[in-house]
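Only one structure is covered here, and it is reproduced in the block below.
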Protein chains: 2
Amino acid sequence: MIKPVTIKDLARQLNISISTVSRALRNANDINPDTKETVLKLARELEYEPNFIAQSLVKKQTRIIGVVVPLINSNYFSEALSGMTDLAIEQNYHLMICQSNERVDLENKSIRKLVACNINGLLISVSKDTKSPEVIREAQNKNIPVVMFDRIIPEVSCTKVIVDEYEGAYKAVEHLIRKGCKKIAHIGGPRDLSVSKKRKQGYLDALRDYKIEDDPKLIIHCKSFEEDASNAIRKVLAESPDAIFCINDLTAIMAIQYARKKGFSIPGDIRIVGFNNDPVSGVVQPALTTVMQPGYEVGKLAMGVLIDEIEKKTAKHKLFTLRTRLVTRLSSR
Amino acid sequence: MIKPVTIKDLARQLNISISTVSRALRNANDINPDTKETVLKLARELEYEPNFIAQSLVKKQTRIIGVVVPLINSNYFSEALSGMTDLAIEQNYHLMICQSNERVDLENKSIRKLVACNINGLLISVSKDTKSPEVIREAQNKNIPVVMFDRIIPEVSCTKVIVDEYEGAYKAVEHLIRKGCKKIAHIGGPRDLSVSKKRKQGYLDALRDYKIEDDPKLIIHCKSFEEDASNAIRKVLAESPDAIFCINDLTAIMAIQYARKKGFSIPGDIRIVGFNNDPVSGVVQPALTTVMQPGYEVGKLAMGVLIDEIEKKTAKHKLFTLRTRLVTRLSSR
DNA sequence: GGGAACTCCGGTAACGTTGCCGGGATTTTT
DNA sequence: AAAAATCCCGGCAACGTTACCGGAGTTCCC
């Protein structure tokens, strides 16, 4: 085991004081250029690397950013994480990533641990059940800038980065209307989830703006995302719509398959649109029109504004909304 | 700005010494149970959290584990990361995750940064082009245990965790043979990638074991994964096989779609099997038979053996091989 | 009842680094 | 030529924690 070289070692070998070595390495101004040179030379020779931990302790600056997401293994979140890490390494920050597995207790535990690690910033997307954000506030009280993304809650006052799901839904429905659809059904998600509400509102507003009466029989909520989607699809199909706007891609794909089995042609008889732009949507037959959420960009932006707050020491508590993009494919042409 | 609570604060408030507080919190044995209780009580009240950085400095143990993957945003790797973080937080370790984006320079940069952070262990899945592992060896020379997973290279001597792709491929082809297929084609990946080689070998050995002559015309390599898959599919289909074993699910799905367009029925005329068990494979029509790789378990195991090496200070340089599972669906029934 | 063992606590020195202060030596200014 | 400014450097304290040592007080045992 080779012990790492420290500034003490350099000082001893050069017969100068520790402070002088430190100044030489830090490129401070009250240092003789010659001594600086000799110090740097020896440092290179011995392959000196500053001890990050020691620096962090005294400077109270770790350049570590904590990230908490409900689940790493999801297309959207892993995209966001990807964007974050790319920007972080570029800006010389380090990431500590935790997942809450949608459990509030694990979420709090993770945040506490991250704070104990002296993180300089916190990036968080809360779990489904997080209502009371005390632990997050604790972090803020310790002067740690916090940025929430995607899964945000109003109880915390901080900068937030989200995707404009309302607009995404609106665009999707508008697209169907322009294709000539008049009887557009909607298969929604759990009634009280903010995601469901926003997407449904976009649907309703698009109909209204184009003077199409909304029909309660054409709107079905699924209690859970996967569970009774097939039931919902059956019911909706009985109303013989000419288009279906689905809460997500999985539901849309199930709808396509069910409709085809019943002899409908897609998009000939019924046009179908999903949401998320999962990798699946490009390879199913027919390829699915869907709403792309810029996960990578969300991650990058969230990281960007967080670093800004860390370095400028200003918490603006702004809301950033990224726009979605409608990806039109065969299922709605 | 509220300054974090330290053991000094606890000591002052209780009128006892810092060392006593430290002992009480560390649950040492030469401490009065009563004083220990009062200390713990106050610690809970003031929400004391030990300062990780300070602990790391004195104990020369950061409990930080560095992870480098080619890409976070992939189903397999994000599953592995998920397994790693779950085990890490359970064992009170922290993760620093970097992605190399398949670039050797970024990979090296990431490793160097992680080492400078005094990581206690390194978990790495190398990029496609990584041939010379000097930077990894540097880490090993600094006594940092290294565990490679999935994308391993023989040049580095360390513990490795992989999935038995050979066996997965063998099982897939064996399954096709048992279904009565005699003319089984293979669409492979880049010729020199270890993944491609292993899967092809499993294919070849299964044929041999069942006394089926392999036919070079039925084997096609795609130079890149996505690029010329469609070309390969066209060529292979011209040989009119009764089954195709594809290097991954995406290729398999493309094969299904192309074959159907040409009037073949799946699985009636041609049976098709993929590899990976991407979420896609369950929803395409027909649902795709594929080989499941236990990403989550790979991550958990890799993290487990790494922690073991860190704590037991023994590098066994073993090879762990996890088994795959054949997921049979409609495309091969 | 006196030495031995045990219990429990405080003081001090580290870990590797930075920041501040003071001061000697040199240079500049008046 | 004296005063002032500048240039460099060393010493010391700190960051929050742990490890080690010594010692006061209590209990134990013959």
Side-chain angles (χ1 to χ4, degrees), chain A residues 1-40 42-43 46-64 112-113 115-120 142-143, chain B residues 1-40 42-43 46-64 92 115-120 142:
Chain A
M1 166 81 179
I2 304 157
K3 286 201 75 173
V5 185
T6 71
I7 52 171
K8 283 187 189 173
D9 301 325
L10 301 181
R12 206 171 334 107
Q13 284 204 34
L14 294 174
N15 241 353
I16 57 177
S17 77
I18 295 176
S19 345
T20 305
V21 176
S22 175
R23 267 191 302 262
L25 293 169
R26 265 177 299 135
N27 205 12
N29 48 357
D30 57 343
I31 178 88
N32 188 314
D34 293 343
T35 52
K36 183 172 133 187
E37 200 41 58
T38 51
V39 170
L40 289 180
L42 186 65
L46 301 186
E47 280 173 348
Y48 166 80
E49 283 282 337
N51 185 320
F52 168 81
I53 299 289
Q55 285 181 328
S56 301
L57 183 61
V58 50
K59 292 207 285 194
K60 302 198 164 193
Q61 230 238 62
T62 57
R63 297 189 83 82
I64 298 177
R112 286 226 173 81
K113 286 205 170 176
V115 170
C117 282
N118 287 15
I119 52 169
N120 287 156
K142 289 179 178 151
N143 246 31
Chain B
M1 160 87 175
I2 300 161
K3 291 202 59 171
V5 184
T6 71
I7 52 171
K8 285 186 190 174
D9 301 326
L10 300 182
R12 207 174 331 106
Q13 284 205 34
L14 294 175
N15 243 351
I16 57 178
S17 77
I18 294 176
S19 347
T20 307
V21 177
S22 175
R23 267 192 302 265
L25 293 169
R26 263 177 302 134
N27 205 12
N29 47 358
D30 57 340
I31 179 90
N32 188 314
D34 293 344
T35 51
K36 183 173 133 189
E37 200 42 59
T38 49
V39 170
L40 289 180
L42 185 65
L46 302 187
E47 284 172 347
Y48 165 80
E49 284 282 337
N51 185 321
F52 228 91
I53 300 289
Q55 285 181 330
S56 303
L57 183 62
V58 51
K59 293 208 282 192
K60 303 199 166 189
Q61 232 237 64
T62 56
R63 298 189 82 84
I64 299 177
N92 202 27
V115 170
C117 281
N118 287 14
I119 52 169
N120 286 155
K142 290 185 176 144

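To find a chain, count down the sequence lines: A is the first, B the second, and so on, and within it residues start at 1.
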Under-3.5 Å N/O pairs linking protein and nucleotides 19-23 of chain D:
from	atom 1	to	atom 2	distance (Å)
D/dA19	OP2	B/R26	NH1	2.8

Quick one: label [X] by what it contacts on the DNA or RNA (base, sugar-phosphate, nothing), any heavy atom closer than 4.0 Å.
| X | value |
| --- | --- |
| B/Y48 | sugar-phosphate |
| B/T35 | sugar-phosphate |
| A/I53 | nothing |

Nearest-Å distance for atom pair [atom1]/[atom2], residues [X] and [N]:
| X | N | atom1 | atom2 | result |
| --- | --- | --- | --- | --- |
| B/K36 | C/dT7 | NZ | P | 14 Å |
| A/D9 | C/dC15 | CG | C1' | 13 Å |
| A/Q61 | D/dG16 | CD | P | 15 Å |
| A/E49 | C/dT17 | CD | C1' | 15 Å |
| B/D34 | C/dC9 | CG | C1' | 14 Å |
| B/L10 | D/dT17 | CG | C1' | 12 Å |
| A/I16 | D/dG10 | CD1 | P | 6 Å |
| A/I7 | C/dC15 | CD1 | P | 12 Å |

Test your reading of the model: is there a side-chain donor-acceptor pair from [X] to the backbone of [Y], 3.5 Å cut-off?
| X | Y | value |
| --- | --- | --- |
| B/R63 | B/N92 | yes |
| B/N120 | B/Q61 | no |
| A/S22 | A/I18 | no |

Q | Heavy-atom check, side chain of B/K142 versus side chain of B/V115, under 4.5 Å | A |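 Yes - at least one pair of side-chain heavy atoms lies under 4.5 Å apart.
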
Looking at [options], which one has an atom nearest to any side-chain atom of [X]?
| X | options | result |
| --- | --- | --- |
| B/N51 | C/dC9, D/dT17, D/dC8 | D/dT17 |
| B/Q55 | C/dG11, D/dT17, D/dC9 | D/dT17 |
| B/P33 | C/dT18, C/dC8, D/dT18 | C/dC8 |
| A/L57 | D/dC15, C/dG10, C/dT18 | D/dC15 |
| A/N32 | C/dT17, D/dC8, C/dG10 | D/dC8 |

Determine the minimum heavy-atom distance between [X] and [Y], stating which atoms define it.
| X | Y | result |
| --- | --- | --- |
| A/A24 | A/L40 | O-CD2, 4.3 Å |
| B/S56 | A/I53 | CB-CG2, 3.9 Å |
| A/N32 | A/T35 | O-OG1, 2.7 Å |
| B/P50 | A/A116 | O-CB, 3.6 Å |
| B/L10 | B/Y48 | CD1-CG, 4.0 Å |

Q) If you fit an axis to the five pairs at each end of the helix from C/dG1-D/dC30 to C/dT30-D/dA1, how big is the angle between those two axes, to 10 degrees? A)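 Axis angle across the helix from C/dG1-D/dC30 to C/dT30-D/dA1, nearest 10°: 40°.
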
Q. Are any of B/T20's side-chain N or O atoms less than 4.0 Å away from OP1 or OP2 of C/dC9?
A.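 Result: no.
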
Q | Any A/K60 side-chain N or O less than 4.0 Å from OP1/OP2 of C/dT18 | A |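 So the side chain of A/K60 is outside the cut-off, no N or O lying under 4.0 Å from OP1 or OP2 of C/dT18.
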
**Q.** Distance-only donor-acceptor check, side chains B/K60 and B/N118, under 3.5 Å
**A.**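 The criterion, which ignores hydrogens and geometry beyond distance, is not satisfied for B/N118 and B/K60.
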
